[in-house]
A.B. asks: 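This is the structure I want to talk about, given as C-alpha cells.
Residue numbering restarts at 1 for every chain, and letters A, B, ... go by the order of the sequence lines. Computed from a predicted structure; not experimentally measured.
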Protein chains: 4
Amino acid sequence: MDKKTRLPKQRRAIENKALLLEAAKKLFTEKGYLNTNSNEIVKEAGISIGTFYAYYKDKKEVFMEIIDEYTREYNMKLEEALNSIRNDNDRDYLKAIILATMDISKKYYGFEDELIAMRYTDNDIKLQNEINQKYIISKIKGMLNRMHFKNQNQDIAAFLLFCLVDNFSYNIVHQSDLDVDASVEHCIDMILSYTKT
Amino acid sequence: MDKKTRLPKQRRAIENKALLLEAAKKLFTEKGYLNTNSNEIVKEAGISIGTFYAYYKDKKEVFMEIIDEYTREYNMKLEEALNSIRNDNDRDYLKAIILATMDISKKYYGFEDELIAMRYTDNDIKLQNEINQKYIISKIKGMLNRMHFKNQNQDIAAFLLFCLVDNFSYNIVHQSDLDVDASVEHCIDMILSYTKT
Amino acid sequence: MDKKTRLPKQRRAIENKALLLEAAKKLFTEKGYLNTNSNEIVKEAGISIGTFYAYYKDKKEVFMEIIDEYTREYNMKLEEALNSIRNDNDRDYLKAIILATMDISKKYYGFEDELIAMRYTDNDIKLQNEINQKYIISKIKGMLNRMHFKNQNQDIAAFLLFCLVDNFSYNIVHQSDLDVDASVEHCIDMILSYTKT
Amino acid sequence: MDKKTRLPKQRRAIENKALLLEAAKKLFTEKGYLNTNSNEIVKEAGISIGTFYAYYKDKKEVFMEIIDEYTREYNMKLEEALNSIRNDNDRDYLKAIILATMDISKKYYGFEDELIAMRYTDNDIKLQNEINQKYIISKIKGMLNRMHFKNQNQDIAAFLLFCLVDNFSYNIVHQSDLDVDASVEHCIDMILSYTKT
DNA sequence: CATGAATGAGCTTTCATTCAT
DNA sequence: TATGAATGAAAGCTCATTCAT
C-alpha cells in the first residue's frame, strides 16, 4: 500500500490543509473525536472529501497533527515560563510550570478531553504521550537542579511532581468548587515542603 | 415506549446475566470498549443477542455495571485498608491508601484504561466519576483529621492528595522504569512533609 | 405443523382469553397494530406470553378476532336499526343505516383505522372484508326492496349506496368542519333522489 | 446533527435516485410497503445501500415521494379531464372525473392499496392526504358551480360527491362482478338526480 | 395449564474510504 | 489537483415465537 499523502507545496494546498486542521479541531472540541466524521470536517472546512484524503491518511492523522500542535505549544509555553524567571525564586518557578499547564488546559478546553481519552485507548497516541511525558519529566528534573534540590533520587522526585502538577492542573481548570489561586499556592507549598526537606 | 430491561428472577437468568458481564469485562479489557461489539460479547458468553438486550439497554449499560463493580471494590478496599491500621501511624495510613489504589489498577489492568478514557468522553460516566471522586476526597479528609492535620484549608489539601495519589498510582503500575517501592515511599514522604509542616 | 391452539374450557381459561383480547384491543387502538408487540399485550393483560400463544396462533389471530367482534356488532346494530323502523318510512330506514354505521365508527374509533389499513394490506383480512361487504350489500338490497325501489339493476344500486354510506360515515365521524346532522340529511336526500327517480 | 440527504447534481446521481424510486415503486406494488426492506430496494435498483441513504432519509421518504408523484398525476389527470369537456354537458363532466379517478387506480394498482393503508396508519401521510382531499373537494365545488348546482350547502354536496366517487372508483376497479360501464352510468345518475333536484 | 427466559433472523443505519470525472 | 457520488462492511437493536420448567 504505502499510499503517500501528497506534500502540499503550493499556497492553496497549504491553505486547504490548514483549513481542514482548524475545522477538525473545532469539531473535535465541540462534539468529540468519535462523534465527528470526516464528511462533517470537510463540510465545515468547505473542502471536498477527496482533498481531505489527499492530505491526511485518515481521521486519526488529523487528530495526531492537532496533538502535535498542542504539544509544541505546551512545551514552548513551559520553556518561556521557566526562562522568564529571573530571580531564581523557587515559588516562581513552580508557579510558572503550573500556570503554563493550566493555560494549555484552558486553551484546549474540550479538545484536551479527547486527547486524554485517546492516550488511554489508542496505542500510537499512548506512545506519543509517553515520549512527551518523559520530556516534561526531564524538564522538571532540570528545574529541580536549578532549585538545588539534593535528594538521592531525582527521577522519582521529578516523576512525583509531574503526577501532581499534571492531574492538579487539569482538575482545577475543570471544576469550580475550590478557590483556584489558593489551590495553586497550596500545590506549590506541597512541592516546596517536599523539596526543601 | 416503556421497554424495561428484564430483571433476572430464575437461576438460569441470573447466571446468564453474570456470564454476559464477565464476557464483556474480558473483551473490554482485551480489545477495548470501542473495539468490542454486542455480538462478540454474546458469542464469548455463549448466549444469544436477544438475551443480551433483555438484560442490558445497550453496550454502555454493561460497561457502567462493570464500573459499579470496580467502584464498589475500590471503596471497599480503601475502607478495609484504613480500618486495618491499628497503631495510628500516618505512614501506614498513607501507604494503605496508595497500595489499595495500586491494587485496583493492577486487578483491572486494561479495563481501567477504558474506564478512564470514558470519563473524559462520556457525560454519564463523567458524572458518575465526579460523584465517586468526591466520595474519595471526603474519605481523605477524614483521614487527614485522624492524622491531626491542622491546615486552614482541608478541602484543598484533600484535593491535592487525591490528585497526587490518583495519578501516581496509575502511572507507577503502568510503567516499569522506576523502583516501585522506593517511589511509594517518596510519595508518602511528599505528603507527610506537606501535612506535617 | 398444524399446532392447534388450545380450546379454553375452564373458567380461568375463558377469562384469560378475554383479558388478552381486551388488552390487545386497547393497545391496537392506542398505538396501532404494528406498533404493538405481543409482549406488550400480555403485560397489559397481566398474563404470560406462553399463555398468549396457547390461545392465539399469532398476533394477527387476536386482531382478526377483534374484527369478528366488530363485524358481529355492526351487523347486529344494522339489523336492530332496520327492525326498529315500524312506519315504513324510507328516510327513517336510510337514517338508521347511516347512524348505525357512524355509531360503530365512533365506538371503534382508532381501532377502525387499523382495521381498514389491514383490509388493503393483508390478504386474509381483505377476504374476510369482501365477504362481509357482500353481506351488507345484500342487506341493502333487501332494504331497497322494502322501499319498493324498482330499478333495472338493484345490484348496482345497492353497491352505490354501500360505497356512499361506507365512506361518508367514516369521513363524517373523523372530521369536524361540516355540520354532521345536516350532512346526514343531505346524504339521505341524495340516496332518495336517486331511488325515487 | 444536520445530516442532510444529498441532492443529486451530477447526471449519474440523478439517474440513481430515479432508479431507486422506480425499484421502490415496483417492490411496494408487488410485495407491499412493509414486506419490502431497504436492502431489497437497492438490490432491485442495482445500487448500494449507502447511496440509498444518501438520497432518502428512510424508506418512508421514498414512499412519500411516490405518493407525491401519484398525487401530482391524479390532479393533472383531473384537470385535463375537466378542461377537455367543451360542451358543458353535466354527464360528461361527471364521467370525466370518475374515469380519471378509475384510471389512476388502474395505473397504480397494488401500490394504491399500500397508500390507502398508510393514510389510516401513518400520521404524516394522513395529513398529506387530508390536504389533497380538501383540494379535490374544492375542485368538485368548482364543477358544481359550472353545473349551476344551486343548493344551500355546496360544501356538503361536494363532500358527498367526493365520498361516493372516491370509494366507488376504487371498488369498481378492484372487483369484477358488476358491469363496469353500467355502474359508472348509474353512479352518474345518482349524482345528477341529486344535483338536479 | 401457566410461565417467562431464550432465541436469532432480520432490519435499519452509519461512515471511512475509494475512484471516476 | 479537486471533486463528491458511490461503496458495503459493520454495528445496533427488535420481536414473534418456542420450550424447558
A.B. asks: DNA chain E: D:S38 or A:T36, which has the more 5' nearest nucleotide?
C.D. replies: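 Checking each residue's closest nucleotide, the 5'-ward one belongs to D:S38.
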A.B. asks: With pairs taken as Watson-Crick or G-U wobble and both distances under 3.5 angstrom, which stems of at least three consecutive pairs involve DNA chain E?
C.D. replies: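 The stems are E:2-21 with F:2-21.
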A.B. asks: Taking only residues at least two apart or on different chains, which pairs with a member in residues 47-56 of chain C satisfy salt bridge (Lys or Arg N to Asp or Glu O under 4.0 Å)?
C.D. replies: none
A.B. asks: Kindly write out the residues that satisfy ring-ring contact (aromatic ring centres under 6.0 Å, His included) with A:F28, not counting sequence neighbours, or none if the list is empty.
C.D. replies: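 By the ring-ring contact (aromatic ring centres under 6.0 Å, His included) rule, A:F28 matches A:Y33, A:F63.
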A.B. asks: Side-chain contact test, heavy atoms from C-beta onward, threshold under 4.5 Å: evaluate it for C:D124 versus C:L127 and give yes or no.
C.D. replies: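 No. Closest side-chain heavy atoms not under 4.5 Å.
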A.B. asks: For C:D58 and B:E40, find the nucleotide of DNA chain F closest to each by heavy atoms; which residue's nucleotide sits nearer the 5' end?
C.D. replies: B:E40
A.B. asks: Return the orientation label for the D:Y70 and D:Y108 ring planes: parallel under 30°, perpendicular over 60°, tilted otherwise.
C.D. replies: perpendicular
A.B. asks: Which atom pair, heavy atoms only, marks the closest approach of D:G32 to D:T36?
C.D. replies: O-OG1, 2.7 Å
A.B. asks: Please identify each residue that fulfils side-chain contact (heavy atoms from CB on, under 4.5 Å) with C:E65, with sequence neighbours left out.
C.D. replies: C:K17, C:L21, C:Y56
A.B. asks: Take atom CG of C:L27 and atom P of F:dC15, then tell me their distance rounded to the nearest Å.
C.D. replies: 13 Å
A.B. asks: Write down the distance between CG (C:L19) and P (E:dA2), rounded to a whole number of angstrom.
C.D. replies: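 Going from C:L19 (CG) to E:dA2 (P), I get 11 Å.
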A.B. asks: May I have the distance from C:F52 (atom CZ) to F:dC19 (atom C1'), rounded to whole angstrom?
C.D. replies: 17 Å
A.B. asks: Between C:E15 (CD) and E:dA2 (C1'), how many Å, whole number?
C.D. replies: 15 Å
A.B. asks: Cut-off 3.5 Å, side chains only: do B:E40 and B:N35 have a donor facing an acceptor?
C.D. replies: no
A.B. asks: Starting at atom CD of A:E61, determine the distance to atom P of E:dT17, rounded to an integer number of angstrom.
C.D. replies: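 It is 11 Å, rounded to the nearest whole Å.
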A.B. asks: Under the rule for salt bridge (charged side-chain N to carboxylate O under 4.0 Å, His left out), what residues qualify as partners of C:K25, not counting sequence neighbours?
C.D. replies: C:E22, C:E69
A.B. asks: My understanding is that only one of A:I47, A:I41, A:V42 makes a side chain to side chain contact (heavy atoms under 4.5 Å, CB included) with A:L19; could you say which?
C.D. replies: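 That would be A:I47.
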A.B. asks: Which protein N or O atoms sit under 3.5 Å from an N or O of nucleotides 8-10 of chain E?
C.D. replies:
| from | atom 1 | to | atom 2 | distance (Å) |
| --- | --- | --- | --- | --- |
| E:dG8 | N7 | B:G50 | N | 3.2 |
| E:dG8 | O6 | B:G50 | N | 3.4 |

A.B. asks: Send over the distance from C:K43 NZ to F:dC15 P, rounded to a whole Å.
C.D. replies: 13 Å
A.B. asks: Over how many whole Å does the gap from D:I41 atom CD1 to E:dC11 atom P extend?
C.D. replies: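 The distance from CD1 of D:I41 to P of E:dC11 comes to 12 Å, rounded to the nearest Å.
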A.B. asks: B:K59 NZ to F:dT14 C1': how many Å, rounded?
C.D. replies: 19 Å
A.B. asks: Does E:dA5 have its OP1 or OP2 closer than 4.0 Å to a side-chain nitrogen or oxygen of B:N16?
C.D. replies: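 So the side-chain polar atoms of B:N16 never come under 4.0 Å of the phosphate oxygens OP1 or OP2 of E:dA5.
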A.B. asks: When you check the phosphate oxygens OP1 and OP2 of E:dT17, does a side-chain N or O of A:Y53 lie under 4.0 Å from one of them?
C.D. replies: yes
